[in-house]
2 protein chains.
Amino acid sequence: MSAVGSSSHVGRPRAFDMDTALEKALEVFWRKGYDGTSLSDLTEAMGINKPSLYAAFGNKEQLFLKAIELYESRPCAFFMPALEKPTAYEVAEHMLYGAAANMANKDQPQGCVVIQGALSCSEAAAAVKEALMNRRLEGQQKLQERFERAKAEGDLPASVNAETLARYLGTVLQGMAIQANNGATPEQLRQVAEMTLLAFPR
Amino acid sequence: MSAVGSSSHVGRPRAFDMDTALEKALEVFWRKGYDGTSLSDLTEAMGINKPSLYAAFGNKEQLFLKAIELYESRPCAFFMPALEKPTAYEVAEHMLYGAAANMANKDQPQGCVVIQGALSCSEAAAAVKEALMNRRLEGQQKLQERFERAKAEGDLPASVNAETLARYLGTVLQGMAIQANNGATPEQLRQVAEMTLLAFPR
DNA sequence: CTAGTTTTGTACTGGTCGGTAAATATATAG
DNA sequence: CTATATATTTACCGACCAGTACAAAACTAG
């Protein structure tokens with residue numbers, strides 16, 4: 001066993017950076033959706049040839065799933081951080097205003113790739129569609145659990161239905177993606193966030 | 001000029017019904033989206049061959065647009081009828097509960113084809129995407145105008161921002177389509193509708 | 001009947017799809 | 001240096017894409 005630094009590779013070194021290539025792929029999938037994105041779109045945006053793409057990421061489907069993982073783990077992702085706010089109301093608040101800022105951010109495609117990546121799609125995209133469905137359901141489930149915890153902590157009244165509250169919030173967040181897709185500005189989405197919070201139990 | 005009854009046609013008669021064929025096409029586009037639907041999907045579902053499709057409907061894009069027209073003029077469409085309710089609150093109420101029933105209706109694809117037909121899509125679908133965007137904006141505009149009328153009629157307080165209210169409602173309605181796509185039941189969507197109305201000015 | 005008109009099924013177009021085989025290039029290990 | 005391992009480029013695969021040419025079929029008009 002030889003002492004190995006963090007990078008001792010045999011063979012020709014990769015000529016591109018996998019992370020930045022994955023960012024490029026994410027951007028294309030985000031704008032065009034899974035069905036609407038061709039391998040040519042991807043290789044052109046990533047600046048690599050097809051065999052390099054397949055060697056590095058598997059195939060189109062696996063590349064998409066890796067892009068989604070990147071999307072959710074980005075520094076600008078707002079969902080998970082919002083869950084950690086101290087009160088249920090602040091959770092909702094940060095999530096809604098985070099979505100308003102993020103989904104209408106002009107520096108990236110409008111909306112949310114988890115929502116619009118494969119909403120209606122071909123059979124070829126069925127697995128991808130299901131993966132995205134599960135992500136959305138898991139997000140809502142986490143929100144529900146957070147609200148159940150808030151009830152246990154006395155932060156929300158016991159009369160509140162955590163599942164309904166989570167679904168209401170999830171519905172607005174998902175609707176915001178469509179609004180952003182339609183050209184809504186961050187300010188307009190903030191107004192929606194403000195109205196949404198009016199229905200929140202205090 | 002000869003007196004013409006409603007049906008005097010020269011040439012070989014069409015062997016299929018255009019309306020039912022268009023219904024079938026709508027169902028496919030609804031489930032698979034514009035990019036995800038192939039001409040083979042369409043001809044198979046419609047029970048006709050490609051030349052018949054092209055002769056009757058133009059091409060894939062025109063067929064899609066005609067299917068959307070059909071969708072919006074269906075008897076089960078809820079949007080336009082809701083606009084005619086006497087009060088702003090009832091407008092919102094009927095729209096939300098109509099959406100809950102319609103979008104999660106198990107007898108048809110889940111969600112709304114105007115929302116999910118071409119959300120993220122290829123360049124080939126750009127015209128279709130824009131047409132759907134405009135439909136969504138027009139719907140929200142009609143809602144806004146209805147709420148402005150309600151303010152003029154004293155049915156809504158003058159302090160209400162009709163545009164924001166319309167956007168809030170539009171956001172929830174669009175979010176409901178995603179929820180339905182995720183398998184939400186009509187009852188679950190009704191609960192969302194109920195919460196949404198809590199934020200409505202009375 | 002014939003002439004004219006439209007729809008039908010079959011077969012085909014050039015182009016693009018996702019994916020890969022094979023040869024060449026560039027690194028490390030010894 | 002040689003041997004080995006990995007990445008690169010080029011060229012290609014069969015399948016499918018949206019769309020169409022063409023001739024046979026089925027109707028009306030006269």
Side-chain angles (χ1 to χ4, degrees), chain A residues 1-22 25 28-29 32-67 118 121-128, chain B residues 1-22 25 28-29 32-67 118 121-128:
Chain A
M1 184 195 303
S2 61
V4 171
S6 60
S7 65
S8 94
H9 282 304
V10 170
R12 179 171 177 172
R14 189 168 275 127
F16 64 96
D17 182 73
M18 284 189 66
D19 291 334
T20 61
L22 191 55
V28 178
F29 279 131
K32 302 193 170 189
Y34 186 81
D35 276 333
T37 300
S38 71
L39 280 216
S40 310
D41 293 332
L42 291 167
T43 54
E44 187 182 346
M46 300 165 85
I48 62 179
N49 293 320
K50 275 189 279 186
S52 297
L53 189 158
Y54 277 82
F57 301 105
N59 62 11
K60 186 184 176 185
E61 181 177 322
Q62 290 168 46
L63 174 60
F64 182 89
L65 296 176
K66 281 168 183 154
C121 60
S122 67
E123 277 107 1
V128 162
Chain B
M1 179 194 308
S2 61
V4 170
S6 60
S7 64
S8 94
H9 282 304
V10 168
R12 179 169 177 171
R14 189 168 275 128
F16 64 95
D17 182 73
M18 284 190 66
D19 292 333
T20 62
L22 191 56
V28 178
F29 280 130
K32 301 194 171 187
Y34 185 80
D35 276 334
T37 299
S38 72
L39 280 223
S40 310
D41 292 333
L42 291 167
T43 53
E44 188 182 346
M46 300 164 86
I48 63 178
N49 293 319
K50 274 190 278 188
S52 298
L53 189 157
Y54 278 83
F57 301 104
N59 61 12
K60 186 184 175 183
E61 180 177 323
Q62 291 168 45
L63 174 60
F64 181 88
L65 296 176
K66 281 168 184 155
C121 59
S122 67
E123 278 106 1
V128 162

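Chain letters run A, B, ... following the sequence lines, proteins first, then strands; residues in each count from 1. Computed over heavy atoms, backbone and side chain alike; hydrogens, waters and symmetry mates excluded.
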Where the side chain of [X] is concerned, which of [options] is the nearest nucleotide?
X: B:Tyr54; options: D:dT20, C:dT8, C:dG4; value: D:dT20
X: A:Val10; options: C:dT5, C:dG9, C:dA29; value: C:dA29
X: B:Phe16; options: D:dT8, D:dA29, C:dT8; value: C:dT8
X: B:Pro51; options: D:dT10, C:dT10, D:dA5; value: C:dT10
X: A:Pro13; options: C:dG9, C:dT26, D:dA29; value: C:dT26

Margin query: Is the ring pair B:Phe29/B:Phe64 parallel, tilted or perpendicular, if the boundaries are 30 and 60 degrees?
Written below: perpendicular
Between [atom2] on [N] and [atom1] on [X], what's the gap in Å once rounded to a whole number?
X: A:Ile48; N: C:dG19; atom1: CD1; atom2: P; value: 14 Å
X: B:Tyr34; N: D:dC17; atom1: OH; atom2: C1'; value: 12 Å
X: A:Phe57; N: C:dG19; atom1: CZ; atom2: P; value: 15 Å
X: A:Leu53; N: D:dT9; atom1: CG; atom2: C1'; value: 15 Å

Notebook entry, point to check: Does A:Asn49 reach the main-chain N or O of A:Pro51 with its side chain, forming a donor-acceptor pair under 3.5 Å?
Noted result: no
Checklist line | A:Asp35 side chain to A:Ser122 backbone, donor-acceptor under 3.5 Å | finding: yes
Note to self: Strictly below 4.0 Å: does B:Lys50 bring a side-chain N or O up to OP1 or OP2 of D:dG19?
What the structure shows: no
Item checked: Phosphate OP1/OP2 of C:dT8: any B:Asn49 side-chain N/O under 4.0 Å -> no
Checklist line | Residues within residues 36-44 of chain A bordering DNA chain C, heavy-atom distance below 4.0 Å | finding: A:Thr37, A:Ser38, A:Leu39, A:Ser40
Check: Going by atom types only, do B:Asp41 and B:Ser38 share a side-chain donor-acceptor pair under 3.5 Å?
Finding: yes
Check: Got more than 12 heavy atoms from elsewhere within 6.0 Å of CD, B:Glu44?
Finding: no
Note to self: On DNA chain D, does the nearest nucleotide to B:Asp35 precede the nearest nucleotide to B:Arg12 from the 5' side, or the other way round? Give the residue.
What the structure shows: B:Asp35
Check: Between CG of A:Asp19 and NZ of A:Lys66, what distance do you get to the nearest 0.5 Å?
Finding: 12.0 Å
Notebook entry, point to check: Looking at D:dA7, does its base get a donor-acceptor pair with the side chain of A:Arg14 below 3.5 Å?
Noted result: no
Note to self: If you compare all heavy atoms of A:Ala56 against all heavy atoms of A:Met18, which two are closest, and at what distance to 0.1 Å?
What the structure shows: O-CE, 3.6 Å
Notebook entry, point to check: Using a cut-off of 4.0 Å on non-hydrogen atoms, how would the nucleic acid contact of A:Ala55 be classed: base, sugar-phosphate, or nothing?
Noted result: nothing
